[in-house]
Amino acid sequence: MLIVSEDTCKKVIGRADAFTAVESVFAAMASADAYNFPVIREAIGHADALYGFKSGFDKAGLTLGVKAGGYWPGNMKKGLTNHQSTVFLFDPDTGQLSALVGGNYLTAVRTAASSAISIAHLARKDAKVLGMVGAGHQAGFQLRAAAEQRNFEKVVAWNYHPDMLPALGKIAEEIGLPFEAVDREELGAQADVIISITSAHEPLMMKDWVKPGTHLACMGTDTQGKQEMDPALIASATLFTDEIAQSISLGETQHAITAGLITKDDITPIGAVINKDHPGRTSDEEITLFDGTGVGLQDLAVASVAAKLAQEKGEAQQVEL
Ligand code: NAD
């Protein structure tokens, strides 16, 4: 059994590996070769924590496992990340535990890969301006991964807490992109691609602010009650997601579904586009919207690659159970 630490994950797995792993598992999900099991998420009544499991099996990639973890709001004060997770991988032929992999860095990397995949497959090829709504922990990972998908010339950004924007601006500077803090209406007027990655519970971007041809990757809404987009914007866009069941229950489309503006048949799994069973964007004027809800199979896919690379590079610790 291998143990792969957080530091080792950072050393061995980069954006390109994560992109390939997540793209493959999205494709497998769309062709019913991989499926996520029901998610468990519970308030444990201690330390104000939310704890749960995301698990699944990828028959194509032979990856079986579970991500266990959650959110401990008091961690920051202890010098720890509030989100904590660990991935357990099992041998699908025997059920034996094959690896324990730190899941915190991998969560950020797999979430950034998800929106980057949506940009690669759905954004206009001539997209020039990247709009960032949000500037928290995930936003920097999102920005770096997105910037590799198109020849962006500029980043425009808005955040609910403006004091967090300079740190995101620094990342834009590092990758050589001019950065401008703007209001949300201006962001919609300028951006060709918009990533939202906040913990908002009300619409941040309205339909009338988003120009034709925009691609949106909505990444923040991963729980019932959260919301980043105007339901009218959702209803006017061509909709894609990682998993339809999660999108309509806890993802960004939940509110448009409840309001009766769309049905689940209006949403396409992005794996169908990857598999070329769906054309994706069909015109330069169309607004495409990807609802990235975050599925367990993404975690298992990147953890499996991290374990393999760590073993190859002699960075994994081997123990007998
Ligand atoms: P964070 O705590 O580091 O940052 C939170 C962000 O939300 C900041 O930009 C903050 O200014 C903003 N924010 C806080 N309250 C707000 C409000 N009322 N209105 C608008 N913005 C507000 O969190 P993070 O780790 O960057 O995660 C951001 C979001 O992404 C969270 O909702 C998290 O659950 C979600 N997430 C989704 C996935 C996925 O796979 N889809 C994966 C990881 C995290």
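When a ligand or atom number is given, it counts from 1 through the structure's own listing order. The chain is numbered in sequence order, starting from 1. What's counted below: heavy atoms across the whole structure, side chains too, no hydrogens, waters or symmetry copies.
The closest side-chain heavy-atom distance from Ile119 to His215 is below 4.5 Å. Taking the side chain as every heavy atom from C-beta outward, Leu204 and Arg184 approach each other to under 4.5 Å.
There is no side-chain donor-acceptor pair under 3.5 Å between Glu243 and Thr293. With 3.5 Å as the limit, one finds a donor-acceptor pair spanning the side chains of Asp291 and Ser247.
Residue Glu174 qualifies as enclosed at atom CD: its count of foreign heavy atoms under 6.0 Å is above 12.
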List of N/O pairs, ligand 1 versus protein, all under 3.5 Å?
| unit_1 | atom_1 | unit_2 | atom_2 | d |
| --- | --- | --- | --- | --- |
| ligand 1 | 3 (O) | His137 | N | 2.8 |
| ligand 1 | 7 (O) | Ser199 | N | 3.1 |
| ligand 1 | 7 (O) | Ser199 | OG | 3.4 |
| ligand 1 | 9 (O) | Ala135 | N | 3.0 |
| ligand 1 | 9 (O) | Gly136 | N | 3.3 |
| ligand 1 | 9 (O) | Asn159 | OD1 | 2.7 |
| ligand 1 | 11 (O) | Asn159 | OD1 | 3.2 |
| ligand 1 | 11 (O) | Asn159 | ND2 | 3.0 |
| ligand 1 | 11 (O) | His161 | ND1 | 2.7 |
| ligand 1 | 25 (O) | Gln138 | NE2 | 3.4 |
| ligand 1 | 26 (O) | His137 | N | 3.1 |
| ligand 1 | 26 (O) | Gln138 | N | 2.9 |
| ligand 1 | 32 (O) | Thr198 | O | 3.2 |
| ligand 1 | 32 (O) | Gly220 | O | 3.1 |
| ligand 1 | 32 (O) | Lys226 | NZ | 2.8 |
| ligand 1 | 34 (O) | Asp222 | OD1 | 3.3 |
| ligand 1 | 34 (O) | Asp222 | OD2 | 2.8 |
| ligand 1 | 34 (O) | Lys226 | NZ | 2.9 |
| ligand 1 | 36 (N) | Asp222 | OD2 | 3.4 |
| ligand 1 | 40 (O) | Arg110 | NH1 | 2.7 |
| ligand 1 | 41 (N) | Met219 | O | 2.9 |
| ligand 1 | 41 (N) | Gly292 | O | 2.8 |

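Under the 4.0 Å criterion applied to side-chain N and carboxylate O atoms, Lys226 and Glu252 are not assigned as salt-bridge partners.
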